[in-house]
Every structure is written in C-alpha cells, then in structure tokens.
Amino acid sequence: MVASIVQGLLVLLRPDIMLYMLAAMASGLVFGILPGLAGLTLLAILIPFTWGMDPYKALAFLMAGYAVCYTGGSVTAILLNIPGTGPNAATLVDGFPMTQKGEAGRALGAALTASAMGGVLGGLVLALLIPVVMPIVMAFGSPECFFLVVMGISFIAALGRESMLKAFIAGLLGLFVSFSGYHAGTGFARYTLGMTYLLDGVKIIPCALAVFALPEMIALMYRGGAIVKKGTPVNAPASDIKRGAKDVFQHLWLFIRSSIIGTFVGVIPGVGGDVAVWVAYGHAKTTSKHPEEFGLGTVEGVIAPESCNNAKEGGGLLPTLALGIPGSSAMAILLGAFLIVGIQPGPGFLQEHLDVAFTMVGALVLGNIVGTGVCMLAATKLVKITQVRAQLLAPFILCIISLGAFCARNSIFDIFLMYALGMVGWAMRELGYSRPAFFLGFVLGGIAERYFDISLASYGWTFFLTPISLGLIAITIFGVALEPTRAFLRRRKAQ
C-alpha cells in the first residue's frame, strides 16, 4: 500500500506530466475568472485531449485544471460582484463589500489563502479517509440527503442582513424558479409559460449571471464612474495581501470547520458543492461573535466559503473513485475520462489502482498551491479592474457573460433567459431583496424536491425517523434559533 502511494505521488515529478499540468492550470484559471466558463465546461473541453495518454498523465492533467477553477472564480466575485462559478456566489456576499471599502487586496489574500489551504486539507482528508469513510457514505440515503439540503436552505435567514422577511421572499422566489420544467417523479410540466425551452428547467449558469452579473453592470452603467467610488484607495500592495493571508490563520478554527464541512458534504453523492458553500457561510455567521457584520464586508464571510469551496472537491472524488458514483456533475464528466484511459471506477478501484488515486489527490493539492501562487502574484494588477470606467468595462463584461451563458448549453435561448432574469435581479437589487438568498433557494430547491420525492416514495411520511435525519433536523433547528436567541439575550441584558 505504501509503495503504491509513493509511486502515485512521484509520478507527478515527471517533466511531461508537470508540463501538461501547468497548461491545464493556466486554462483552469482563465475558465474560473471568466464568468460562466466553469469547471464543468473546462473538463468537457479538456477530455478530448486525453486520447492516447497514459492514466497518470490524463487524470493529473484533468485534476490540475479543475482544481484551480474555483480559485480563479473568487477573483471576479470579489472584484466585480460576479461569481466566476456557481459556488463562488457565497464569496461575493462579503468579498465585494470589502472591495467597495478599499480592501480588495485583503479580501483576495484571504480568499486565495483559504482556497489553497482548503484544497490541500481536502486532499489530505481524502487520502486519510479513503479506507474508512465508505460506511459513512453508504449510511446517507435519500432522507439524510434531503435534510442536509434543508439545512442549507435554512441559512436563507442568515442572508437577510437588512430584512429577514425580504430574504425569505427572495428565497421563495428562487425556489419557485427552480421548480420550472418537468417534475422528475410525475413527468408533469410546470411553470413553463408554454415554452418548450423551459421544459428542461432553468440552468444554474444563466441564472447566476442574471442574478449577480447583469444587475451590477446595469447599476454601473446607470451610475457611471468605476466600481469603487472616487477617492477610495484601490491599490493591493503586498501588505494588504499578507494581511488577508494572516486573517486565515487568525480564524484558523473557522477555516478548519469550513473545510471539514466542504469535505464531508462533497463526499455525499449528488448533493453538490453549491450546498456545501452555503452551509459553511451560514455556519460562519451563526457562530460568529459579530454576525451583524456579515454582508457588510467581513473577512470571515470570505474565509468560510472559500475554505469550503476547494475542500469539497477532495470529498467529491471519494465516491467517484470508490463507488463509481459521481459526487458532482463535474465528477460525472470525469467518469468519462476514466473510461477513455481504460479504468473502471468502483469498489475494486482502490485495491487495483491506489497509485492512480493518489496521483489525482497529489494533482488536486498541487493545482491549488500553484494556482493560488499565480493569483497572488497577479493580485496587485487585477484590482486595477475596479478603477476602469463603466463605459469601457460594462460592454466587455456583458459580452463575456453572454458568451458564458451561451456556452452552458450552446443555446441562444439561455442568453435571452439570462437577460430576462437579469431584470428581476436588478429589481431585487434596487428594492433591497437578497439576491444570494434567491440564488440559494434556486440552487437547492430542485435538489430538495428530488430527494423529498424519493424519500416519500421509499419510506412514506415517516422517512425522517432515521438517526442521521433526526440529528440533521436538530442541527438545523439549533442553527436557525441561535441568532434570535442571542438577540433576545442581548436585549434583556441591555434592559
């Protein structure tokens, strides 16, 4: 076993593999930074290049590129309030307000450091848990997955900084949008407005760009000027970036908890990383000593989702390798790469190809480290984007996000949908409704419905009476009640 592990890691030192990994990392950073061109698209583009490669080279090539996508996605989330990928939406809640306050360098330093360390920790945890975690994964059936998603939805209240009622309304609107298209259980078409295009539902990339990117560009063009107000310092000297990196170590316990959340949720097949980052963000707010600062630009709100973001990828690999069950949609594409190189993931994979598994783990860790280093070096220049005038920046960004929406399914109707939902997003921005709450409801609504239908059909109305489900229900109630209880105790103490 030790020999296989060492062999799998030493393979990464081969010059040809290192060259391929560097090329993949460069592609991953570009796809992460450009809105809409996420890791899913990157893997689909890179897989044809693996024909004829040996398994070590092919899988290291794919993992290195995929590892840095979420790292690059945090850059646009912080600087432009546009999530590079879906899970980066949690980062912009506090990352962009930090940019508006002139703390872009600090936010980038914290996000990039947390991403790198989270990816490394996720890879290490994956390596340690490979032999023992399968019984835990198998214990999660549809009821447990449903209540895990419900836990994520419960954090909608945590996103209501100005008005909890408006956050709930926005979250319910997001849930409503997620239900469009065919119902998975009955095949009944809902909320399609008579359009065959909507039978397949609203996809995540056009929705993310519509809710976050378009409203910001509309507001920027209407207001004029640049992203940051005139007179606000926008430099990102090394001292600011170092300060952000130090923040991660000052909140080390938060980083560890968020990374564990990411790894654990990533392990559970079908739940996905979009659940993990919001659970981590909500957990950070409900356990913080200063929850009222979240949404205004606190570094804790950047550290938690970014720690979780890359850690979840290590977790997502585990069921993919050990069970042949993809932990996420990107891992489903990765299964195709396994078949191309002649390897069959499943129960016998870790016994027969343990060296290949650790090659992938090593590529994941190395990709996070190198990608973060590149972004750190470029951070001082990247923040200059916030000084570019709206007349120059907005048209360019609108072209990029339109391309991102089109690339999701190669459908021009996705662009039309993005602009239609963009008007809704702009109205929510102007009226003070929480767009992150809307997006959270949208992302988790379809997942929750699917697991609810399966649980109800399999177990009846008593599906919640399992030990893990009851534990998750208790944690959810505790998380929801914690902040109101704190507020009540503070009022009593003030009296």
Side-chain angles (χ1 to χ4, degrees), residues 90 125 129 132-159 164 167-168 171-172 175 178-179 184-185 253-254 256-288 291 304 308 311-312 315-316 318-319 322-323 325 327-328 437 440-441 443-489:
V125 171
L129 291 184
V132 298
V133 80
M134 283 302 103
I136 300 175
V137 176
M138 298 302 292
F140 266 75
S142 53
E144 290 79 11
C145 290
F146 169 72
F147 286 110
L148 185 63
V149 176
V150 169
M151 184 194 300
I153 294 176
S154 72
F155 290 122
I156 284 177
L159 298 173
M164 191 176 295
F168 274 116
L172 289 174
L175 286 170
S178 74
F179 294 149
W253 181 226
L254 172 63
I256 293 173
R257 296 197 313 268
S258 300
S259 298
I260 291 173
I261 289 172
T263 305
F264 177 73
V265 176
V267 165
I268 302 169
V271 175
D274 295 297
V275 179
V277 291
W278 292 109
V279 171
Y281 182 86
H283 168 76
K285 181 173 182 178
T286 55
T287 58
S288 173
C308 175
K312 66 181 170 49
L318 191 54
L323 299 176
I325 300 173
S328 63
L440 177 61
V443 168
L444 303 187
I447 302 173
E449 182 186 37
R450 182 170 69 251
Y451 283 122
F452 177 80
D453 289 341
I454 296 172
S455 301
L456 192 62
S458 302
Y459 302 94
W461 287 104
T462 58
F463 68 87
F464 60 89
L465 296 177
T466 66
I468 297 178
S469 296
L470 292 173
L472 291 172
I473 292 171
I475 294 172
T476 302
I477 294 173
F478 175 78
V480 170
L482 183 60
E483 179 53 30
T485 303
R486 280 181 173 177
F488 174 75
L489 292 176

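In this structure, CD1 on Ile468 lies 12.0 Å from CD1 on Ile473, to the nearest 0.5 angstrom.
When all heavy atoms are compared, the tightest approach of Cys308 to Ala280 is CB-CB, 3.7 Å. For the residue pair Leu175 and Gly441, the shortest heavy atom distance occurs at CD2-O, 3.3 Å. Nearest heavy atom pair, residue Gly445 against residue Ser178, reads CA-OG, 3.5 Å.
In terms of the side chain to side chain contact (heavy atoms under 4.5 Å, CB included) criterion, residue partners of Ile454 (sequence neighbours excluded) are, by chain and number, Ser142, Arg450, Ser458. Evaluation of the side chain to side chain contact (heavy atoms under 4.5 Å, CB included) rule for Thr466 yields Glu144, Ser469 as partners, not counting sequence neighbours.
For the pair Ser288 (side chain) and Lys285 (backbone), a donor-acceptor distance under 3.5 Å is absent.
Ring-centre distance between Phe463 and Phe452: below the 6.0 Å cut-off.
Contact check for Phe147 versus Tyr451: no side-chain heavy atoms found under the 4.5 Å cut-off.
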